[in-house]
Amino acid sequence: MLKKSANRPVRLQYALAVCGTLALAACASKYSQVPARLDLAPYGRIALLTFSADQPNSGMSSLATQRFAEALLASQTGVELLELGAADSSLKELSTSTDGSALAQALGKTRNVPAVFVGYLKVSNMKPSGHIDGSGMNVRAGVSAELTVRLLSTSTGGTVWRSSAAANGTVGRINITDRLPSFAIRDKEEAYGEVVSQLVAQVTRDLRPTWVKQ
């Protein structure tokens, strides 16, 4: 009697596990994977230039380039990424040029790559916003940024693919209600890093496969 009672929980757990597996399989069968819109494998080897920025000394362009590279390599297989900074010997003579096509064609000759990623990051200074009325005051300090990335052919200098994104972040907030003040201040670098992560996630959407319901 006790033996039969002891077996019931085991059988019940097994039955639940089987039902759960069947349910997951049924859900999975309703979705299919769609390949990434931009497949880099045919290129084999691609260069990535450190993104330029309207505030070149902020460090955000280097951070955005690094996270873009990480997202690309995590999403795509069969591609080698050649990461190049402004100090690279291949770019010294063209470092003052803003023509991405000229940079791409020069790299095609010196680095033997069929395509190159270039990007531009525009970052705003901290801007206050909010409202003051009879109920109190709510003011926040925010930052915004825009990122545009292009894939250029090194044989023609033409654009093969491009993507852009915009994101906002909050650095601090002051809220006064019923004469009770409330302050919230974030580390500036942390706030900018969060904005960069949002930008990179958006501009790399074409590099990732997606799932659609059948």
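We use all heavy atoms of the structure for the numbers below, so side chains are in, but hydrogens, waters and symmetry mates are not.
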Salt bridge (charged side-chain N to carboxylate O under 4.0 Å, His left out) involving D39 - partner list, sequence neighbours excluded:
none
Linking I/L/V/M/F/W/Y whenever any side-chain heavy atoms sit under 4.5 Å apart, do L207 and V34 land together?
no
Any donor and acceptor pair, going by atom type alone, linking the side chain of S52 with main-chain N or O of G119 inside 3.5 Å?
yes
In terms of heavy-atom contacts, L40 and Q76 come closest through N-OE1, 3.0 Å
Applying salt bridge (charged side-chain N to carboxylate O under 4.0 Å, His left out), name anything that partners E70, two or more places apart in sequence or on another chain.
none
Following the transitive rule for hydrophobic clusters with a side-chain heavy-atom cut-off under 4.5 Å over Ile, Leu, Val, Met, Phe, Trp and Tyr, establish whether L63 and Y120 coincide in one cluster.
no
What verdict does the side-chain contact (heavy atoms from CB on, under 4.5 Å) test give for V116 and L103, after you've listed the backbone C-alpha separation in whole Å, the side-chain angles of each residue and the deciding distance to 0.1 Å?
CA-CA 9 Å; V116 55; L103 289 172; over 6 Å; no
Are L147 and F68 close enough, and set up right, to give a side-chain contact (heavy atoms from CB on, under 4.5 Å), and what steps lead you there?
CA-CA 11 Å; L147 177 62; F68 179 86; 5.7 Å; no
Does R208 use its side chain to pair, donor to acceptor, with the backbone of A71 at less than 3.5 Å?
no
Closest approach of Y192 to M60 (non-hydrogen atoms, all atoms of both residues)
CD2-SD, 3.1 Å
dist L121:CG -> D54:CG (nearest 0.5 Å) comes out at 7.0 Å
Beyond-backbone contact of L72 with I46, side-chain heavy atoms, under 4.5 angstrom:
no
Closest non-hydrogen atom pair between A47 and L107, with its separation:
CB-CD1, 4.4 Å
At their closest point, which heavy atom of A64 faces which heavy atom of V196, and how far apart are they?
CA-CG1, 3.6 Å
Determine whether more than 12 heavy atoms belonging to other residues, nucleotides or ligands lie under 6.0 Å from atom CZ of R45.
yes
So CG of L152 and CH2 of W161: to nearest 0.5 Å the spacing works out to 11.0 Å
Donor-acceptor pair, T154 side chain versus P114 backbone, under 3.5 Å?
yes
Applying salt bridge (charged side-chain N to carboxylate O under 4.0 Å, His left out), name anything that partners R205, two or more places apart in sequence or on another chain.
none
So, S164 side chain and T148 main chain: donor-acceptor pair closer than 3.5 Å or not?
no
Candidate pair F117 and T65, rule side-chain contact (heavy atoms from CB on, under 4.5 Å), full reasoning:
CA-CA 10 Å; F117 280 106; T65 309; over 6 Å; no
Nearest heavy-atom pair of T204 and V200: which atoms, and what distance?
OG1-O, 2.7 Å
For a quick test of reading the model, state the closest non-hydrogen atom pair linking R67 to G193 and the distance between them.
NH1-O, 2.8 Å
